[in-house]
Structures are given as structure tokens and as C-alpha cells.
Amino acid sequence: MTIIAKTTAQSTAKTTAEIRSDFLEFFRSKGHTVVPSSPLVPGNDPTLLFTNAGMVQFKDVFLGAEKRSYTRAVSSQRCVRAGGKHNDLDQVGYTARHHTFFEMLGNFSFGDYFKRDAIAYAWELLTGVWGLPKEKLLVTIYHTDDEAFGIWHEEIGLPADRIIRIGDNKGAPYASDNFWQMADTGPCGPCTEIFYDHGEHIAGGPPGSPDEDGDRYIEIWNNVFMQFDRQPDGSLLPLPAPCVDTGMGLERIAAVLQHVHSNYEIDLFQHLIRAAATITDTADLEHKSLRVIADHTRACSFLIVDGVLPSNEGRGYVLRRIVRRAIRHLWKLGALSAEGNFWRMVQPLIDVMGGAYPELIEKRELIERALKAEEAAFSQTLDAGMVRLDGYLVQNNGLIDGEQLFQLHDTYGCPPDLIADILREKGMDLPPGAMADYERWMEEQRERARAAGKFGGGVTLPAELIAQLQPTGFLGYDRLEDGGLEVVAILRDGKPVDAIAAGDEAIVLLDRTPFYAESGGQVGDTGQLAEKGALFEVVDTQKLAGQFYGHVGRLTAGSLARGDRVLGQVDHDRRGATVLNHSATHLLHAALRGVLGTHVTQKGSLVAPDRLRFDFAHFQAVTADELAEIERRVNAEIRANSPAEVHQMGMQEALDFGAMALFGEKYGERVRVLRMGETSTELCGGTHVGRTGDIGLFKIVSEGGIQAGVRRIEAVTGQGALDHIATEERRLAEAAALLGGNPADLADKLRTLLDRQKKLERELEGLKAKAAGAAAVDLAATAADVGGIRVLAARVEGMDAKALRDTVDRLKAELRDAVVLLAGAADGKVALIAGVSGAALGPIKAGELMAHVAGQIGGKGGGRTDMAQGGGEDGPRLRIALDGIQDWVKDRMG
């Protein structure tokens, strides 16, 4: 096969792992600090669905809101583009370079080197270290960037005809593929892209030409030169410290260095494709489904590693779509198994990426369990979708429209191509126009998703304001009140103002503050800011741009201006109660991992004054015994009264110390580590007790599932726990009194009552059965003969759904060759049960009869050939529908 030849060629080339290492080591030798990949879920950044570029973790550095100990960095950043504006999911596996997950190699300069060094480094690595033929490379620049042209032409020696100027081709100034900007305002600048020519045998023209979308010339490296600050009026001001942000797709450069054209032909993907072929017993290694499975294995595994689990909203919904697309392609290749198959791809992924990303190995069990659970859930959902498809076909006389096609996809996860396959097996096709209508419904949903998916929570600080401010100093670890705090900025309606008057709602930024800003699940502090007759009531404290504390509230008296000095007073009682719950959350996390297993990871939390809420990854309900043991362990730690030790250290030192990093949080180079007792060590910037004994008491209030693979525990501490126990004792006493006893004998009293109830229910069922039998005898006498088939349609009173089904079964047995439909009426509604038996089966289908009757009374229904159920509205139309059944049967019988 062709693939064998490719593998032989690859054997003499660098592996993907070696290319990644080459890149990092090259820039380390140039004075760059190697920075690990950040998680796929951006820490404390509500503007992004996923990390989609290497610069994301340095965003605040570029904006000037964060300072690092280095000015040069290099990373291999894992990225996902499968949601929001970067969403090419349906193309993945069918093109040479579309992926849901990819690695972005990048080198960065924060006010250090600029264009000359960035271009020289790129050229040296590509042509000197990796030995790419210079004649195979060409570049693009922004059309007015003469500086970049001069460096490429005069210093690098690239011929002028291989330096292509790209202008503003998108209808607005600076709207160019070669002009990059972080947002509508803020840091921006021109970029120069390096392209590799795969050869004349591949269709396509150079960038900027009419044929640029072909596959011959492929961009492999983008050097962005952030040198301007774009103002709201569109003007560009020079940045005081120009920066460099570069990106090169690891998979793309691996294809070039391994002498193949498609990313799916590189060694890493070939290993995954072969594994998928083995699982599916597929001989054709070029099958597109194998590519889909290989690509999606990486995205799904790394998303789960970084704390995302399949769900019906947000990031979890994107993951669910990717997982189910992979599973569908496994099934398409015949890989059906009671235990599922997608999880079997995890070990092959570890084989090729576990060395660079050891977290894959550490969380292997979690990944495999999550994929198993999702494949089982998808199988059940798909079965339900097939039942619904059958119902649609019955209702529409074998047709399906675009809206129904959309509902099958959106609700049951059955995409149109799967429905088309099933219809072909039934000898049918999708009706003309169905796909067009489906696309219209899908586009409406995408618009809703785009509107809901604009991860832009809260206030965005203007870039020019960020550049003027220093990060807020937090005083709240040591004190809840302090004076002389300077008002450095005021936002009203999201815009900076110089002053506010009584009655104005605003956000006040101070140079220092004792107020804790909402983060890590802990709610923001409330309280007040006071100064010379001015009183600002703080109702919340939010962290803005990751570095600045915004005091949200209303000025109730006086006036407040930028530059004023204020006294900040935090609500002591509220903070104190919050602190107890936050420290208890850490002890709970440790107890969960100790009792349920180390696969338990935090999925979110809320730490409020009145309660704590903790969401965690676990794939089954927590038993009563497990909950009791978890609660016992937490209270044992509280009684031990261990000190809450706080340590400041480097990130790697903290991880070596045994600290756990939490899902969705962003950590700097120096981190705060909290250790309580022997079990709990976590990275945490929140506020905590001095000793565990301060918590007093911990009591679990509830436990339950909130989505597939995620459980939630709610609990209370301190006085809240005592109040909860007092309330439960009062309820227990009330229940005992109602049963004529006391709390000590409540269980015996309740057991006696339940036994009596069960006895009465059995007697009632017996009476109902007798009544149903008698009713069946009476109804059977009213059946009409239609061509040798007994037809009975009647409205009955006082029968629930079970009684209706039992009566229909009795009538089918009594009448033998029969069509029966009973309508049980109650409270203006009708429950319908239809049954077909004997010689009537074949020409008559219960599901079709149900759809016919239910449709006339504003209802729905469906089911099997011999039994169906539905419902609708009671009223005159029901009588008409029942009276018409004999004629309907006569038509069907021919």
C-alpha cells in the first residue's frame, strides 16, 4: 500500500517529538525561557471558549497587566479550535490540515527583540537547523511594512519576487491577513508569514493570487509584530515596548520535515490511524473515518485532562460533539461493542504524546472512564432517536422534513448523513428540500450559539486604562479594614469617568484593597468605602483583566473622584462565614479523593457565606456509606485543629511539594500554596481559617449528579451546620408526632404504615383488574365487524394508562383478529392506547392508527406495529375521530 512507502520515507526523517524538542531547545539557546503549555481551558478568561493560540497564556503580559521574570519565552501550546468562530469540525478528517486539536510552536518577546531577530531566528531554524531548501520558502508581509521587506531582502537575502506584499483586502483599514490585532482596540501590528512550496505537482498558487486556496503553498510560520495600540477611532499609536508573538503548527512543519503532504501522514497520526484500524479491523489505512478517529482522540483526551467533561452546554457540549463524531465513525467502520471502543485509543495516544504530556498518563483512568460513559450514553440516545425517526416516518407517510431532521440531530445526536444511511437501508431517500430546510434550522441554532457563546462576561477594561494602572495590591489576607486607599479609576456604564455623584452605580478601582475579588469559587466581598462624607456601598468585588479589583456598588452619599483616598471596610461576618466554607472545601476535596479515588477532580465550586458547593468528576452516585465516611474524614481533620500553612513558592516547586492545581484557574510564576493537615495541599489564592478547628463542624446537605460524569455536593459549616442539624431534628420530631410516636421509634412506625399501604395497594390493584375485566367484557360486545376484523373504538372514564393497556390486551385476546383503540379521558386530556392483533396485523399498524387519531385531537403518538400510545385534547373532535376509525380500517383492508 502507499502508506508503507510513506512510512519508509519517514523513518529517515525527524519524529514529531524530535521536532517539538528541536524548536524548544533552539529558542532556549537564544535566551528564551521554556514555558509549559497552559490548559485548554483559559484560566480566568471568560472571552475564550478554548485556548486557540500560543499567545493566550501571555495575553495579560502583552496588555501590560502582568509582569513575568523573563522577557523571552518559547512554548509548545496545545490548542483546540472546534467552537466559536474557529469551528471547522465537519471538515476535520477530510482535508489535509484541518484539526480539532493541534500544537502551536511559538517564540515570544515582551519588549525585548523585535523584527530583525524574530525573522533571523525563524530563518536560522528552518534553513540552518532543519535544512529546508531556501528556494522552497517564500514570505508575505503587510503591504506597507518596508522594514520587514528590507530585513527579508537585504539581510536574509530572499529574492524580492519571493516577498509578497498583502494589502487590506477585507474592506477596511488594516483588515488584512497580514495585520494582526487582539481585539477592535488595543495591541496590534503587521505580521510576516512563511510559506513552504510543496511542489508543482500539487494544485494551487502563491498567497495573494487567485489560486491561493490550493494546497501547493502552505503557511508554516507566522511572525506577529505588535507595535501599535489601536485607538477607538481607529488610529494607531506606537507601543512603548513592541512585542513579538509567533506561531507555527507542529503538525504542519512535521509534514514538511517528514516529506509528506498531509498532516495525517506524519508519524504521530500514522500511529493513531493504525491503532484505529486495528480496533475497527479496517484494512484501508486511507479511510477518512480513521483520520477522524485519530484527530478526535487527541482533542477529547486533552480536553478531559484539562477538566472538561461531556455535557449539554458550553465547553462540555463541544466535547460531546467531538466524542460522538468519533464514535459514529467507529460504528461506521463496524466497531460495535458492549464496552465501547473509543476509549481504547487512549493508550496509543499515550504512546506518542505521553512523554511530552505526562498528564495523559496521570489521568488515563479518568479519560477512559469518561469516553466509556459517553459512548454508552450515545448508544442509548441513538436508540431513542431511531424510535423518534420511526414516529416521524409514520406521521408523514414515509417522509421526513428539515425541521424533523434538525430535531433528530440536535436532540438525539443523529446527524443527517446517519439518517440518510438508515433511510437508504429502508429503500427511501431524503425528500427534496429537506437538507435545505435542515441547514436553515442549523444556521438559526448557530446564531443562538454564537450569541450565547460570546464568552464575554462582565466588564472589559480599556487597553489604555490597563497600560496606566498597576495591579491592585491585596491586603485582605491580614486585615479587613484599611485607610488611605487611593481611587485610581472609576467605571460607569463600562466607561472610565473622573467622578461620580450620589445615586450613581459604578465600579471603583483602588491601588490597594482588603476586599477579596471573586475567584476560585469564593464570592467577592461586600462592605463599604468611605471618605469625607462620601459613602460607597460595595455589593460585590470582581477581578478585572486578571489583575485589578473592581468594587461594584452604588454611591449613597457625597461624591467620589479619581485620586481620592478612602477607608475600605469589608463585611466582617460575611467574610468570616465564607472563610469557613472555603477551608472546608479543601478538606472535602481531599476526603473525596481518599474515599472515591484519585480520579476525582474539581469541576467547579461556589464558596459563599451560607454554604459551599463542590462539583467533581465521578461516574456513579456516591453511596450513603461513602458520604458518611467523607463527612467523618472532614470532621476528623477539623477536630485535629491543624494549622493552615501558607507557602509562597515557584509553580514547579509547588507541584513538587504536592500541591494540586484547580480546574479553570490561572496561576502565575509565584503561587500561594495552602496546606491543612496531612491530606490537603492545594494552590489557592483565597482566604482561609488560621486552624482547621475554626471551621467547627461540617455537614453534607445533598449529593447528586448534575451532568454525565459530574457530581455535586452541597454542605454547610460552623453555625450554618448547627442550624441545619437543629432544623432536621425539628422536622424529625414533627414527623414522629404525626405518626403518634417519638423520633426514637419513627422508623418502626413508618415501616408499619408502609406495610399497611402496600397491602391496600395490592387490594386496590385486584379491584382494578376485576373492573378492567368486566369493562373488557362489556366493551367486546360493542365491537363492529369490518371485513372479518373486529373493530372497537371507545371513550372510557376512570382508567389510568396501566388500566387502559391491560384492557386493550384483554380485548385483543378476546376478539382475536382485532383493531382496538381506547381513549381514557380525565381533566380535559385524553390518553390513547391502540392495539392490533391476528389477521389485522400487516395491513393495519397500531402506530399509524395512533398517529391518525392523535393528529385529529391536537396530540401526538406512535409505537410498535401491535401496540401504540399517545394523547391529545378531550372534546367533540375525539368523538369524530373515534367514529371514523371503522372507515379508516376499511380503507386499509382494501
Side-chain angles (χ1 to χ4, degrees), residues 15-21 23-24 34-43 50-51 54 57 75-82 99-105 249-251 254 263 266-276 278-279 292-310 315-316 318-319 322-323 326-327 340-375 593 597-603 617-619 651-652 655-656 660-664 709:
T15 66
T16 303
E18 289 170 338
I19 295 167
R20 184 193 299 113
S21 178
F23 184 86
L24 297 175
V34 178
V35 180
S37 170
S38 64
L40 288 169
V41 177
F50 298 116
T51 298
Q57 66 168 312
S75 68
S76 179
Q77 174 65 52
R78 52 183 185 257
C79 302
V80 162
R81 291 184 181 176
H99 300 294
T100 51
F101 173 96
F102 62 96
E103 289 183 77
M104 185 66 82
L105 304 172
L250 175 60
E251 296 79 7
N263 291 2
I266 68 175
D267 62 321
L268 185 153
F269 270 113
Q270 285 300 298
H271 181 81
L272 295 175
I273 285 171
R274 283 188 168 79
T278 299
I279 291 170
V292 173
I293 297 162
D295 173 274
H296 290 7
T297 296
R298 300 204 304 166
C300 297
S301 298
F302 277 102
L303 282 170
I304 294 168
V305 160
D306 286 340
V308 183
L309 288 175
R315 298 179 175 106
V318 176
L319 173 58
I322 300 172
V323 173
I327 292 169
N341 277 299
F342 191 32
W343 66 273
R344 302 180 194 278
M345 290 294 297
V346 176
Q347 182 55 53
L349 177 64
I350 290 173
D351 293 341
V352 288
M353 297 191 73
Y357 298 102
E359 51 266 50
L360 284 171
I361 303 171
E362 296 165 9
K363 297 188 177 181
R364 171 180 173 168
E365 179 186 3
L366 174 64
I367 302 168
E368 291 181 344
R369 292 182 69 173
L371 296 181
K372 280 183 182 179
E374 186 61 18
E375 188 159 357
R593 289 171 65 84
T598 55
H599 67 276
V600 168
T601 53
Q602 179 175 331
K603 303 299 298 174
H618 189 56
F619 293 91
M651 184 65 181
Q652 190 56 52
L655 297 176
D656 295 341
M660 289 185 61
L662 300 184
F663 166 72

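With Q57 contributing its side chain and P36 its backbone, the two residues share a donor-acceptor pair below 3.5 Å. For T100 (side chain) and H296 (main-chain N/O), no donor-acceptor pair under 3.5 Å exists by modelled atom type. Without hydrogens or angle criteria, S21 side chain to A17 main chain gives no donor-acceptor distance under 3.5 Å.
Rounded to the nearest 0.5 Å, atoms CG (L250) and CG (L268) are 8.0 Å apart. Of the inter-residue distances, the one linking F50 atom CZ with D306 atom CG reads 10.0 Å to the nearest 0.5 angstrom. Going from atom CZ of F342 over to atom CD1 of I293 covers 8.0 Å, rounded to the nearest 0.5 Å. To the nearest 0.5 Å, atoms CG (D267) and OG1 (T16) are separated by 3.5 Å. Residue H599 holds its NE2 atom at 9.5 Å from CZ of R593, rounded to the nearest 0.5 Å. Separation of atoms CD1 (I327) and CD1 (I322) is listed at 12.0 Å; rounding is to 0.5 Å.
Shown here are the salt bridge (charged side-chain N to carboxylate O under 4.0 Å, His left out) partners of E374, two or more places apart in sequence or in another chain: R320, R324. For R344, the salt bridge (charged side-chain N to carboxylate O under 4.0 Å, His left out) criterion is met by E339, not counting sequence neighbours. Residues satisfying the side chain to side chain contact (heavy atoms under 4.5 Å, CB included) criterion with E359, sequence neighbours excluded, are R78, V305, Y357, E362. Residues that satisfy the side chain to side chain contact (heavy atoms under 4.5 Å, CB included) test with A275, not counting sequence neighbours, are M345, P348. By the salt bridge (charged side-chain N to carboxylate O under 4.0 Å, His left out) test, R298 pairs with E251, sequence neighbours left out. For A294, the side chain to side chain contact (heavy atoms under 4.5 Å, CB included) partners at least two apart in sequence or on another chain are F269, L272, I273.
Between L40 and V308 the shortest side-chain heavy-atom distance does not fall below 4.5 Å. Side-chain contact between K372 and F619: absent, with no pair of heavy atoms (C-beta onward) separated by less than 4.5 Å. Annotation: side chain of M353 is not in contact with side chain of H271 (no heavy-atom distance under 4.5 Å). Considering only heavy atoms from C-beta on, Q347 comes within 4.5 Å of I350 through its side chain.
Closest non-hydrogen pair, L360 versus S301, comes out as CD2-CB, 4.2 Å. When all heavy atoms of R315 and P42 are compared, the pair lying nearest together is NH2-CD, 4.0 Å. Of all heavy-atom pairs spanning A370 and I304, the tightest one is CB-CD1, 3.8 Å. I19 and A254 get closest at one heavy-atom pair: CD1-CA, 3.6 Å. Summarising the geometry of H618 relative to V600, their closest heavy-atom pair is ND1-CG2, 4.5 Å, with the distance given to 0.1 Å. A pairwise comparison of heavy atoms in L24 and S76 identifies CD2-N, 3.9 Å as the closest pair.
Of the candidates F302, F101, F102, V80 forms a side-chain contact (heavy atoms from CB on, under 4.5 Å) with just one, namely F101.
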